[in-house]
Each structure stands twice: as structure tokens, then as C-alpha cells.
Amino acid sequence: MFVTTSLKADRELVVLAKKVAAELRLPFVPRRGSLEGIKQEYGSTWAVVVTREQIFVSTPGGAFFFHPGMAKNRIKALKKGNNDQMVEAMALAPGDMVLDCTLGLGADATVASFAVGPEGKVVGLEKVPVVAFIVAKGMQEYDEDDPALIAAMRRVEVINADAGEYLRDLPDRSFDVVYFDPMFRQPVHESAAIKPLRYLAETEPLTPDLVAEALRVARRRVVVKERRNSPEFARLGITRISGGKHSSIAYGILEPEEAEEWRSRVYGRE
Ligand SMILES: C[S@@+](CC[C@H](N)C(=O)[O-])C[C@H]1O[C@@H](n2cnc3c(N)ncnc32)[C@H](O)[C@@H]1O
């Protein structure tokens with residue numbers, strides 16, 4: 001991967017692109033001609049492109065850039081007093097602390113941040129440096145006339161880290177909720193906006209060891225988002241599933257009180 005600019009970049013844009021390259025520890029390649037041409041020359045499938053308007057990653061699935069996705073409509077619905085399946089599965093209340101172990105574009109983290117309010121805290125972990133970089137920047141800079149959405153987004157703390165490594169260093173019971181939304185094995189209905197993430201994201205499935213760490217760190221719940229009827233729930237020893245009957249996704253719930261029983265269910269069968 002490398003960093004370049006849009007065509008006809010001025011000095012200022014080149015300086016910015018070089019700064020981005022240094023931050024991401026990627027080479028800077030001056031833009032000459034087509035992006036596809038430079039990609040071929042450098043044998044790279046991806047490129048980070050710095051333009052005057054935004055920074056995006058050019059992938060074979062299209063451009064990956066920050067946007068709030070469904071967070072806007074979900075926050076609007078919560079404000080009207082409607083339910084949100086994820087917020088319900090997490091049993092979120094103002095003041096809660098949430099660790100989102102799979103940040104992605106941060107839509108779930110933003111909704112959680114709205115639900116826990118300014119007295120709460122959401123920390124989002126993202127393993128892929130370029131995804132963490134673009135989403136962290138987007139969450140601080142994205143703007144539109146929706147103060148609740150923007151405030152919730154700005155409060156999310158983004159950390160470029162592997163969830164397993166990060167969890168191992170956390171004290172017992174240090175977050176109310178630990179959340180996982182791993183890349184689905186088969187995409188449900190993938191919007192054009194999400195598709196590029198598939199080319200960049202970490203796709204390793206969750207492991208029982210990771211869930212065990214999460215159960216140690218969570219005060220209230222570990223929540224796992226998956227496809228409805230996904231065999232992942234059984235593989236991870238999750239039997240309590242919440243979510244709308246007609247929804248294509250579901251939320252698996254584990255509570256620290258059942259950790260012992262969960263252990264014997266998952267490790268006992270090995
Ligand atoms: C399905 S996406 C999450 C989407 C997110 N819930 C949202 O609302 O936008 C999963 C993300 O988790 C990241 N990821 C996967 N495994 C990870 C790990 N072990 N540590 C940190 N991030 C991880 C992937 O790179 C990907 O960006």
C-alpha cells in the first residue's frame with residue numbers, strides 16, 4: 001500500500017499526503033497519471049488517496065471513506081423513543097462504559113456513544129491501521145447538521161489495536177459491555193458503502209479464548225453480533241440470542257455470572 005494525492009495536487013496537499021504517509025508508515029508516491037497505473041507499477045491493490053475534500057482508500061471494491069452509515073437513522077429512532085436492537089442487547093444506560101472490539105466504520109460505536117451519553121464512554125478498537133486512521137479522523141472531522149449524531153461520534157475514543165492484545169492488558173470488570181461485530185463470513189446485504197471495508201478488514205473469526213477474555217473484562221455483558229441462525233453462536237457457546245424476529249442479524253449475549261458454565265460448555269467439549 002502507498003499514499004498519493006489526487007491529480008493536480010498543490011504543495012499544501014502534497015505536504016498533507018506526506019504527513020499521512022509518515023503517520024501510517026507507508027511510502028508516499030507522487031501522483032502521475034492514473035491511479036490504476038501507479039497501483040500496477042507498485043504491485044499494490046490498494047492506495048490511500050489524499051484529496052482536498054477527504055482521505056480515502058482506493059480498493060478493488062470501491063473507495064473506502066468515513067461516513068456515519070446507519071448511525072444517523074438509528075440515533076433519530078432512539079430520540080423518538082424507539083428501540084435499537086443493539087442498545088437493548090447491551091442493556092445500555094447513561095454513564096455506561098462500552099468497549100467495541102471491532103470498530104469498523106464506527107456506526108455501532110456511535111449509536112452506543114449516544115446511548116451512554118456524555119457521562120459514559122465508548123472505546124473502539126480497530127486492528128487495521130488505515131481503517132483506524134480514516135475512521136478516527138472521520139469521527140473527529142465529519143460534519144452535518146445533526147448535533148446529537150456529531151456529539152456522539154466525537155466522544156468515541158478510537159484505538160488502533162488488536163482486540164485480543166488489548167483485552168489481555170485490561171483489569172477484570174473494567175467495562176460494562178464488551179462488544180464484537182466480526183466480519184460476517186458471508187455478507188448479508190452489503191451496501192456499496194460497506195463493500196470496500198471487506199477488502200481491508202481483519203476477517204479472523206472470534207475465538208473462545210477471546211470471548212473468555214471479554215467475559216473477564218465485562219461487568220454486565222459480552223455481546224456478539226452475527227447473522228441470525230449463524231453457527232458461530234453455537235461454536236462460541238452462546239445460547240442467549242436477542243434481536244428482532246424479522247431481522248437478518250442477531251445479538252448473542254453472555255453474562256459474567258455464567259462464565260463458569262460457559263467455560264465447561266465450550267472448553268469441556270474439547
Ligand atoms: C464488521 S466490521 C464492524 C462494523 C462496525 N460494527 C460498524 O458499525 O461500523 C469489523 C471490523 O472489526 C475489525 N476487526 C476484526 N478483528 C479485529 C480484532 N481482533 N481487533 C480489532 N479489530 C478487529 C475489522 O478490521 C473490521 O474493520
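Order of listing sets the numbers, starting from 1, for every ligand and every atom in it. When a residue number appears, it is its place in the shown sequence, counting from 1.
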Before signing off on this row, confirm whether [X] and ligand 1 have an N or O atom pair separated by under 3.5 Å.
| X | answer |
| --- | --- |
| Asp181 | yes |
| Lys127 | yes |
| Ala109 | no |
| Leu210 | no |

Are any of the side-chain heavy atoms of Ile253 and Ile241 separated by less than 4.5 Å?
no
Is there side-chain contact between Tyr199 and Phe64, with at least one heavy-atom pair below 4.5 Å?
no
Per atom 13 (C) of ligand 1, closest listed option by heavy atom (Glu126, Glu165, Arg198):
Glu126
Any chance you could measure Leu99, atom CG, to Phe180, atom CZ, to the nearest 0.5 Å?
7.5 Å
Is [X] reaching over with its side chain to a backbone N or O of [Y], donor-acceptor style, under 3.5 angstrom?
| X | Y | answer |
| --- | --- | --- |
| Glu126 | Val128 | yes |
| Arg221 | Ala89 | yes |
| Arg31 | Gly33 | yes |
| Arg228 | Ser247 | yes |

I'd like to check which ligand 1 atoms, numbered from 1 as shown, lie under 4.0 Å from a non-hydrogen atom of [X].
| X | answer |
| --- | --- |
| Ala107 | 7 (C), 8 (O), 9 (O) |
| Asp108 | 6 (N), 7 (C), 8 (O) |
| Leu197 | 27 (O) |
| Gly106 | 7 (C), 9 (O) |
| Ala163 | 18 (C), 19 (N), 20 (N), 21 (C) |
| Leu105 | 9 (O) |
| Val128 | 25 (O) |
| Leu125 | 21 (C), 22 (N) |

So, Asp10 and Arg52, do they make that salt bridge, N to O below 4.0 Å?
yes
Is ligand 1 under 4.0 Å from a heavy atom in the side chain of Cys101, in the backbone, in both, or in neither?
backbone
side-chain contact (heavy atoms from CB on, under 4.5 Å) test vs Val98 passes for just one of Val223, Val122, Val123, namely Val122
So is [X] close enough to ligand 1, meaning a heavy atom under 4.0 angstrom away?
| X | result |
| --- | --- |
| Ala161 | yes |
| Met183 | yes |
| Leu103 | yes |

For Phe133, enumerate each residue passing the ring-ring contact (aromatic ring centres under 6.0 Å, His included) test, keeping only those at least two apart in sequence or located in another chain.
none
Under the side-chain hydrogen bond (donor to acceptor under 3.5 Å, both in side chains) definition, can you give me all pairs with a residue in residues 130-143, not counting sequence neighbours?
Lys137-Glu141, Tyr142-Glu144
